[in-house]
Amino acid sequence: MAKSNKMLSQTAYQYILDLIMTKQLLPKDKVAESSVAKQFQISRTPVRDAMQQLANEGLLEIFPNRYVQVKEYSMDDIIEIGVLRLALDTLSVKLASLFGSRVDFMKLDDIATQCEKASLEGDDQQKRELDCKFHMTLAEITGNELLIKFQKELYLRIQYIMLCYPNTIERETEHLRQHHKIAQALINNNLDLALELIVDHLSSFYNLSSKYPEDFFRSTSRE
């Protein structure tokens, strides 16, 4: 029975996740347990478990005994995620430069190429997935399991932010080109340049200068 409930919960989870990631459900839209349960002819328990998982992953907000809604992010929320992502990616660059190989960095560069191609072809979903894959692969190169775990926990939040809160970067092509530059800096064993690039890349995307001094993150990267 436990296994059956787990499978039913995963079905409900994937259903709600797909609705969110295809923008059929938008920020602040209500998600009714009863409607999802009826959709699959199941009890509310696995639906509730699925909703709790999505809440833990930052996509739903649960108001006990009231309602469940798709998470709405404020600008401060997005900046906080950006700060954490920058801290993790800075560490990823340092550890990758120490433990990664040329083959690893060539793979990273190939992902950057695929991401640019998706952008040029207007495939926004593929672009978002490859953008996240670039940063996830950077973390994986480090071999640090805890760092990888933290990055995975941010993955859905980042995808969701990219989907529902598109940034206002004026030069998106150049922004995506920075993936190449980061990979090339690592290939050339230029850690200082790779760190400078990752700081610029994420600071601009999350508009961190709106809350923090311009050199705040850059100075930490040069310690």
Side-chain angles (χ1 to χ4, degrees), residues 1-92 124-125 127-140 142-167 202 205-208 211:
M1 179 64 72
K3 183 177 180 181
S4 177
N5 279 338
K6 185 174 181 180
M7 291 174 62
L8 293 173
S9 176
Q10 191 58 36
T11 297
Y13 168 91
Q14 193 60 53
Y15 172 71
I16 299 169
L17 177 61
D18 287 346
L19 291 177
I20 294 172
M21 299 309 288
T22 56
K23 299 184 78 172
Q24 295 178 67
L25 285 173
L26 298 172
K28 296 190 77 174
D29 280 354
K30 303 294 190 298
V31 187
E33 281 181 16
S34 57
S35 296
V36 179
K38 184 177 180 181
Q39 173 79 14
F40 295 101
Q41 295 296 301
I42 59 178
S43 71
R44 292 193 182 195
T45 299
V47 177
R48 194 173 297 123
D49 291 343
M51 288 181 167
Q52 185 60 61
Q53 183 180 348
L54 286 162
N56 292 342
E57 293 172 343
L59 298 189
L60 291 181
E61 287 182 293
I62 298 175
F63 298 89
N65 302 317
R66 296 173 61 199
Y67 56 84
V68 178
Q69 71 177 28
V70 180
K71 172 76 174 177
E72 180 182 40
Y73 281 94
S74 67
M75 196 62 232
D76 281 345
D77 292 331
I78 293 171
I79 288 174
E80 284 183 5
I81 290 172
V83 168
L84 180 56
R85 192 179 185 198
L86 179 54
L88 293 176
D89 271 31
T90 298
L91 180 57
S92 290
D124 289 340
Q125 179 178 345
K127 180 188 72 175
R128 289 193 302 272
E129 291 176 357
L130 288 166
D131 191 320
C132 288
K133 184 179 180 181
F134 178 90
H135 295 272
M136 194 70 243
T137 301
L138 180 61
E140 289 168 353
T142 73
N144 186 304
E145 292 301 324
L146 196 55
L147 174 59
I148 294 167
K149 177 178 181 291
F150 288 157
Q151 287 282 43
K152 284 181 177 177
E153 289 177 357
L154 282 178
Y155 184 85
L156 277 182
R157 287 177 171 87
I158 293 165
Q159 283 261 351
Y160 176 66
I161 288 169
M162 292 171 74
L163 176 67
C164 294
Y165 301 91
N167 64 75
L202 294 176
F205 185 86
Y206 291 99
N207 195 25
L208 300 187
K211 188 170 182 178

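Scope of the values below: all heavy atoms of this structure, side chains included, with no hydrogens, waters or symmetry mates.
- Here the side chains of Phe134 and Leu130 are not in contact, with every heavy-atom distance at 4.5 Å or above.
- No more than 12 heavy-atom neighbours from other residues, nucleotides or ligands sit within 6.0 angstrom of NZ on Lys38.
- Counting only residues at least two apart or on different chains, the salt bridge (charged side-chain N to carboxylate O under 4.0 Å, His left out) pairs with a member in residues 143-166 are Lys149-Glu153.
- Atom-to-atom distance recorded for Phe205:CZ and Leu86:CG is 13.0 Å, nearest 0.5 angstrom.
- Of all heavy-atom pairs spanning Arg128 and Met21, the tightest one is NH2-O, 4.5 Å.
- With rounding to the nearest 0.5 Å, the separation of CE in Met51 from CG in Leu59 is 12.5 Å.
- The distance from the CD1 atom of Ile161 to the CD atom of Gln159 is 11.0 Å, given to the nearest 0.5 Å.
- For Tyr155, the ring-ring contact (aromatic ring centres under 6.0 Å, His included) test picks out no residue, with sequence neighbours left out.
- Nearest heavy atom pair, residue Ile158 against residue Cys132, reads CG2-SG, 3.7 Å.
- Nearest heavy atoms, Ala12 versus Val36: CB-CG1, 4.1 Å.
- A 4.5 Å side-chain heavy-atom check between Phe40 and Leu8 finds every atom pair outside the cut-off.
- Interatomic distance, CG of Asp49 versus CG of Leu54, reported as 11.5 Å (0.5 Å rounding).
- Residues His135 and Leu202 have side chains in contact (heavy-atom distance under 4.5 Å, counting atoms from C-beta outward).
- Atom CG of residue Leu147 and atom CG of residue Leu138 lie 8.5 Å apart, to the nearest 0.5 angstrom.
- Side chain to side chain, Asp18 and Gln14 meet the donor-acceptor criterion of an N or O pair below 3.5 Å.
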For residues 69-80, which side-chain N or O atoms pair as donor and acceptor with protein atoms under 3.5 Å away, sequence neighbours left out?
unit_1 : atom_1 : unit_2 : atom_2 : d
Gln69  : NE2    : Glu61  : OE1    : 3.0
Tyr73  : OH     : Gly58  : O      : 2.7
Ser74  : OG     : Asp76  : N      : 3.4
Ser74  : OG     : Asp77  : N      : 3.1
Ser74  : OG     : Asp77  : OD2    : 3.1
Asp77  : OD2    : Ser74  : N      : 2.9

Take Ile148 and Met136 through the side chain to side chain contact (heavy atoms under 4.5 Å, CB included) test and state the conclusion after the steps. CA-CA 7 Å; Ile148 294 167; Met136 194 70 243; 3.7 Å; yes

Checking Gln151 against Asp89 for the side chain to side chain donor-acceptor pair (under 3.5 Å) test, could you report, in this order, the C-alpha distance in whole Å, the side-chain angles of both residues, the deciding distance, and whether it holds? CA-CA 9 Å; Gln151 287 282 43; Asp89 271 31; 2.6 Å; yes

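- Judged by distance alone, with hydrogens and angles left aside, the side-chain atoms of Thr11 form a donor-acceptor pair with the main-chain N or O of Met7 at under 3.5 Å.
- Nearest heavy-atom pair, Gln52 versus Ile62, reported as atom, atom and distance to 0.1 Å: OE1-CD1, 3.6 Å.
- The shortest non-hydrogen separation linking Thr142 to Ser92 is CG2-O, 3.4 Å.
- Between Gly82 and Tyr206, the closest heavy-atom pair is CA-CG, 3.4 Å.
- With Ser9 contributing its side chain and Asn5 its backbone, the two residues share no donor-acceptor pair below 3.5 Å.
- Leu17 has its side chain within reach of Leu156: a pair of non-hydrogen atoms, C-beta onward, lies under 4.5 Å apart.
- Side-chain contact between Val31 and Leu60 is present, with at least one heavy-atom pair separated by less than 4.5 Å.
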